[in-house]
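Here is how names work: the chains are called A, B, and so on, in the same order as the sequence lines, proteins then strands, and each is numbered from 1.
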There are 2 protein chains.
Amino acid sequence: MSPRAGIVLDDIIRVAAEIADANGLQEVTMANLAKRLLIKSPSLYNHISGLPELFNRLTLLALENFYAELKQATLGLEKKEAIHALSQSYIEFARNHPGLYELTIEAPNPKQKDIVHMADKIIALITEVLSPFHLAEENLIHAIRGFRSLLHGFAFIDLKGGFGMPVDIDQSFTFLVDAFLRGLKE
Amino acid sequence: MSPRAGIVLDDIIRVAAEIADANGLQEVTMANLAKRLLIKSPSLYNHISGLPELFNRLTLLALENFYAELKQATLGLEKKEAIHALSQSYIEFARNHPGLYELTIEAPNPKQKDIVHMADKIIALITEVLSPFHLAEENLIHAIRGFRSLLHGFAFIDLKGGFGMPVDIDQSFTFLVDAFLRGLKE
DNA sequence: AAGATAAAACTAATATCATTAGTTTTATCT
DNA sequence: AGATAAAACTAATGATATTAGTTTTATCTT
């Protein structure tokens with residue numbers, strides 16, 4: 001064991017994730033982390049170089065968890081079923097982890113190889129579930145971009161409470177995915 | 001004229017909009033505004049109550065401009081043409097005014113009646129262009145939500161530079177809108 | 001033309017951040 | 001029992017938003 005027991009890096013990241021999802025990314029501050037960990041904020045610098053590193057690590061964690069859930073959701077499924085499962089899983093992650101989800105959609109810093117890699121894996125997963133449509137080169141890219149767009153757009157507006165009408169939100173989501181898939185077939 | 005000439009509220013809002021679009025929302029600070037207006041930051045409080053009011057006013061300006069451009073784009077057009085024109089105008093506003101666009105998609109504070117009103121007008125416009133599809137009640141809501149989602153999702157990912165493949169982005173956008181419209185017809 | 005007015009600017013101060021430097025504390029190892 | 005190392009700490013700096021109080025100055029009144 002180390003000369004003196006105290007918090008470890010993972011404690012910081014874990015609490016940061018909790019704050020991000022419960023109170024919003026803007027509440028993830030050195031001051032708030034220190035309060036929750038019952039230490040003074042300068043002590044955090046014994047474990048992490050500052051807020052930029054914290055957000056990088058939090059983004060990586062978010063992408064890993066997001067990927068794992070999406071992957072899990074599609075296991076053993078094919079075609080339309082796989083697409084709907086991935087879509088549903090996508091929306092649920094955003095709802096359950098609004099703070100982490102926001103981090104997953106920010107443009108990754110190209111220097112952060114690990115982050116770029118995880119972001120690429122998510123796009124590869126989306127590509128996989130779209131592959132049964134046998135789209136020609138450019139159309140496949142169009143379809144991937146379109147699918148990513150509607151997933152994120154719906155998740156985002158939903159998160160912000162932008163769907164106010166008294167109509168079931170999940171049904172609207174299924175409607176959207178179905179409409180897009182029908183449109184793809186032609 | 002007033003007892004002593006200086007800046008006026010509109011100067012602050014105008015410069016705030018410039019900074020928002022050129023440097024990002026996070027650069028819209030009292031400190032930066034004061035620098036650009038060649039005054040000290042406390043002097044700004046002679047004209048505005050603080051950052052919250054500034055962002056409220058900036059959001060209203062953004063929504064007004066956004067609505068005006070969307071409306072203008074659809075004038076005299078019908079059906080598919082109107083939808084494509086509105087879509088194209090949507091993406092262009094986001095590209096030309098990334099800072100203002102971000103403000104238009106935040107959930108409006110329900111207490112800000114004027115902001116809510118403008119946001120509603122934009123949704124009404126989207127509803128209008130979708131009306132030729134003669135969708136039944138719930139399906140109309142689904143379609144509106146879906147269309148808003150794909151517009152925002154595409155605009156957002158585009159803004160963040162998330163479409164990296166060497167395939168024309170505007171073609172992808174047209175592909176997405178067309179696919180959705182085809183899907184709506186069934 | 002001189003003084004009053006009002007609204008603009010200002011300085012000074014407080015509070016909250018992130019961060020750095022330097023000091024103290026303390027669990028473990030020798 | 002003392003050395004070590006890494007954790008905690010305090011103190012300080014610089015950026016931010018904001019408030020309070022003072023000064024400046026263009027216009028209006030007499």
Side chain to side chain contact (heavy atoms under 4.5 Å, CB included) assessment of Ile105(B) paired with Ile157(A): CA-CA 8 Å; Ile105(B) 54 170; Ile157(A) 299 176; over 6 Å; no
Aromatic contact, Phe147(B) with Phe133(B) (centres under 6.0 Å):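 No, too far apart.
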Secondary structure string for DNA chain C (Watson-Crick or G-U under 3.5 angstrom, | for other-strand pairs): ||||||||||||||||||||||||||||||
Contact residues, residues 16-28 of chain B to DNA chain D [heavy atom, < 4.0 Å]: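 Nothing qualifies; none.
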Candidate list Tyr67(A), Tyr101(A), Phe154(A), test ring-ring contact (aromatic ring centres under 6.0 Å, His included), partner Tyr90(A), passing option: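 With Tyr90(A) as partner, ring-ring contact (aromatic ring centres under 6.0 Å, His included) holds for just one option, Tyr101(A).
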Whole angstroms only, please: what is the [atom1]-[atom2] distance between [X] and [N]?
X	N	atom1	atom2	answer
Leu37(B)	dA9(C)	CG	C1'	13 Å
Ile48(A)	dT20(C)	CD1	C1'	16 Å
Arg4(B)	dA8(C)	CZ	P	10 Å
Phe55(A)	dT19(C)	CZ	P	10 Å
Ile12(A)	dT19(C)	CD1	P	12 Å
Asn32(B)	dT18(D)	CG	C1'	16 Å
Glu53(B)	dT19(D)	CD	P	12 Å
Tyr45(A)	dC17(C)	OH	P	12 Å

Using only atom types and a distance under 3.5 Å, with no angle test, would you say the side chain of [X] pairs donor to acceptor with the backbone of [Y]?
X	Y	result
Thr59(A)	Phe55(A)	yes
Ser87(B)	Ile83(B)	yes
Asn96(B)	Glu92(B)	yes

Give each protein N/O atom lying under 3.5 Å from an N/O atom of nucleotides 10-14 of chain C, with the pair distance.
residue	atom	partner	partner atom	Å
dC10(C)	OP2	Lys40(B)	N	2.7
dC10(C)	OP2	Ser43(B)	OG	2.7

Phosphate contact (dA9(C) OP1 or OP2) by His47(B) side-chain N/O below 4.0 Å: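 It does, given that an N or O in the side chain of His47(B) lies less than 4.0 Å from OP1 or OP2 of dA9(C).
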Exercise: identify the closest heavy-atom pair between Arg145(A) and Asp168(B):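 Between these two residues, the closest heavy atoms are NH1-O, 3.6 Å.
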Candidate nucleotides dA17(D), dA8(D), dT19(C), ranked by approach to the side chain of Met30(B) - the nearest: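 The nucleotide sitting nearest to the side chain is dA17(D).
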Parallel, tilted or perpendicular: ring planes of Phe93(B) versus Phe66(B), cut at 30 and 60 degrees: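 Phe93(B) vs Phe66(B) ring planes: parallel.
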Ionic contact status for Arg95(B) with Asp170(B), cut-off 4.0 Å: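 Between Arg95(B) and Asp170(B) there is a salt bridge, with a charged N closer than 4.0 Å to a carboxylate O.
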Working for side chain to side chain contact (heavy atoms under 4.5 Å, CB included), residues Thr74(B) and Leu70(B): CA-CA 7 Å; Thr74(B) 60; Leu70(B) 293 175; 5.9 Å; no
